[in-house]
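Worksheet for the structure shown next.
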2 protein chains.
Amino acid sequence: MSEKIQQDIYPSMMISSQNKAEKIAPIKLGERLKEIRKSLNLTLEEASQKTGLARSTLSKIENEQISPTFQAMQKLTTGLEIDLPQLFTTPKQVTATGRRDITRNEEGKAHPTSTYEHELLATQLTNKKMMPFKSKVRARDFNDYSDWIRHDGEEFLLILAGEITFFSEFYEPVNLQQGDSVYYDANMGHMLISISEQDALILWVTAS
Amino acid sequence: MSEKIQQDIYPSMMISSQNKAEKIAPIKLGERLKEIRKSLNLTLEEASQKTGLARSTLSKIENEQISPTFQAMQKLTTGLEIDLPQLFTTPKQVTATGRRDITRNEEGKAHPTSTYEHELLATQLTNKKMMPFKSKVRARDFNDYSDWIRHDGEEFLLILAGEITFFSEFYEPVNLQQGDSVYYDANMGHMLISISEQDALILWVTAS
DNA sequence: TAACAAAGTTTCCTTTTGGAAACTTATGTT
DNA sequence: AACATAAGTTTCCAAAAGGAAACTTTGTTA
């Protein structure tokens, strides 16, 4: 009795976005936990002591035989003194000094939604101060959107192609064309629609 | 039987950090979920349809009577088309803090140097987390450069036009073309030269 | 390579989650 | 107000998670 359960997650510091069941490189929570534990040089027994979860439970989580409850995940994060997002993101080697990540055109990590088609950039690097991604904006209709998008931090966007109307909470809407850019407080409600013939292409960079 | 279980979590979009047992305002996962559902204007029934979780289960999660499994949380995030961190973070109060700055194409603040022609963006806003600017790179020759460029923080760059070779201290040089991007630790020595016919056009964003 | 110890896995059982349906509480409508 | 209906909660039970201990594997030493 050791069937693997479905337990993937989509990598995303992604903002207001959607992750339907799309083909995005999934991360195994169990593997990730094992990595973390190993990196801390802990045995299951030691991890058990620190987290208050049974040795057997930890083993089962690592081998993806069970799906931990939120409570268990909290015990994990507090016990091992890590942040929750760390459980969901794969940190490809982060050398102490210099890190670099190149993303070729159109080769970012896809993250499609109904109205946007996000392409996450520099996904190899974790713990970044900024989160850059490109989006194709398909929507040309308000109805495609439910409400303001709102999240922590600041956001910069640059129109790479097409034309959009950018809405934000305390301002009048503006039209933005190729080459135009906006910088704004992302806690302020914001959203945009494409008004060009083809999909608009946009670069976003977020920092919190 | 409706005792509230302990179910707090520390808010963290926070990137690199550990959270020792610091006193950070704890967030109730259930409350947060309810907020999100309300903001999406969904009833429990509708949310149930979208997520595949039973109406009753959702109710119990919202009222913190149960601690959802990771699987359940995934169903929540994919079904409601939100991101996992959203479940853990309290959206900042949006007051008058909203700021915004639009920079039209070619209308940034010019800042020419010998080999670059910088155009600073969003200069109206001060105290920004990020510093975005475009550059025309004229240089096609190593001699135009003295040495590595090095400064605090992290840097993201995207090739808007042309083609360049990007050099950085601990890596092999790479050629980058329109649409390609790099993210790197700016303390690591870096520089670039244009290798296209016309000047290359580049977007930089720096954060420290 | 036998013997032992330590690390990890599986079993077995208890506790908790998650779902269907019954029940209760709000929100209209005539 | 009485009724109807929608939204939300609670109950009850099946299914899954979590823990203690038995078991297996890996590593070390004589």
Side-chain angles (χ1 to χ4, degrees), chain A residues 1-9 21 26-82 84 87-88 146-147, chain B residues 1-9 27-82 84 87-88:
Chain A
M1 210 280 209
S2 63
E3 223 173 304
K4 294 234 172 172
I5 59 172
Q6 246 298 77
Q7 196 173 86
D8 304 340
I9 198 182
I27 296 171
K28 293 289 193 300
L29 180 61
E31 277 176 23
R32 187 76 196 92
L33 174 59
K34 192 166 201 164
E35 275 173 31
I36 294 173
R37 180 173 62 82
K38 291 290 187 192
S39 79
L40 295 172
N41 269 83
L42 298 174
T43 65
L44 283 178
E45 179 55 34
E46 291 164 331
S48 168
Q49 312 247 313
K50 282 186 182 290
T51 59
L53 290 167
R55 199 162 82 251
S56 55
T57 306
L58 293 174
S59 170
K60 282 182 265 188
I61 294 174
E62 288 189 354
N63 294 301
E64 267 142 81
Q65 287 168 22
I66 64 174
S67 173
T69 58
F70 184 59
Q71 274 194 329
M73 292 172 63
Q74 283 184 265
K75 288 184 183 173
L76 280 176
T77 53
T78 57
L80 301 181
E81 297 182 356
I82 56 174
L84 237 152
L87 277 176
F88 312 140
S146 43
D147 210 349
Chain B
M1 215 292 194
S2 63
E3 224 173 303
K4 294 233 170 171
I5 58 172
Q6 243 298 78
Q7 197 173 83
D8 304 341
I9 198 186
I27 297 170
K28 292 288 194 303
L29 179 62
E31 277 177 22
R32 188 73 195 95
L33 173 60
K34 192 166 201 165
E35 276 174 30
I36 293 173
R37 179 173 63 81
K38 291 292 188 192
S39 80
L40 294 173
N41 270 85
L42 297 174
T43 64
L44 284 177
E45 179 55 35
E46 291 164 332
S48 167
Q49 312 247 315
K50 282 186 183 291
T51 59
L53 290 167
R55 200 162 81 251
S56 54
T57 305
L58 293 174
S59 169
K60 283 181 266 187
I61 294 173
E62 287 190 354
N63 294 302
E64 267 143 83
Q65 288 168 21
I66 63 175
S67 174
T69 59
F70 184 59
Q71 276 193 329
M73 291 171 63
Q74 282 184 266
K75 289 185 183 172
L76 279 175
T77 52
T78 58
L80 299 183
E81 299 180 356
I82 56 174
L84 243 153
L87 279 176
F88 313 140

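Throughout, a chain's letter reflects where its sequence line sits, starting with A, and its residues are numbered from 1.
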Is there a donor-acceptor contact under 3.5 Å from the side chain of T51(B) to the main chain of L76(B)? no
N63(A) vs dT9(C): side-chain N/O to OP1/OP2 distance below 4.0 Å: yes
Could you tell me whether the phosphate oxygens of dT9(D), OP1 or OP2, come under 4.0 Å of any side-chain nitrogen or oxygen in S59(B)? yes
Please list, in numerical order, the residues of residues 38-53 of chain A that have a heavy atom closer than 4.0 Å to any atom of DNA chain D. G52(A), L53(A)
For dT9(C) and Q65(A) - does any side-chain N or O of the residue sit under 4.0 Å from the phosphate oxygens OP1/OP2? no
Using a 3.5 Å distance criterion without hydrogens, assess whether the side chain of R55(B) forms a donor-acceptor pair with backbone atoms of L44(B). no
Establish whether the base of dG19(D) is bridged to the side chain of K60(A) by a donor-acceptor pair shorter than 3.5 Å. yes
Take atom CG of L76(A) and atom P of dG19(D), then tell me their distance rounded to the nearest Å. 11 Å
Touch class at under 4.0 angstrom, heavy-atom based, for T69(A) against every strand present: sugar-phosphate
Is a donor-acceptor contact shorter than 3.5 angstrom present between the side chain of R55(A) and the base of dG8(C)? yes
M73(A) has an atom CE; how far is it from atom C1' of dT17(C), in whole Å? 15 Å
Backbone of L53(B) reached by a side-chain donor or acceptor of S48(B) within 3.5 Å: yes
Short question: side chain of T77(A), backbone of I82(A) - any donor-acceptor pair under 3.5 Å? no
Answer with yes or no whether S56(B) presents, from its side chain, a donor or acceptor under 3.5 Å of a partner atom in the base of dG19(C). yes
In whole angstrom, give the distance that lies between atom CD1 of I61(B) and atom C1' of dT16(C). 13 Å
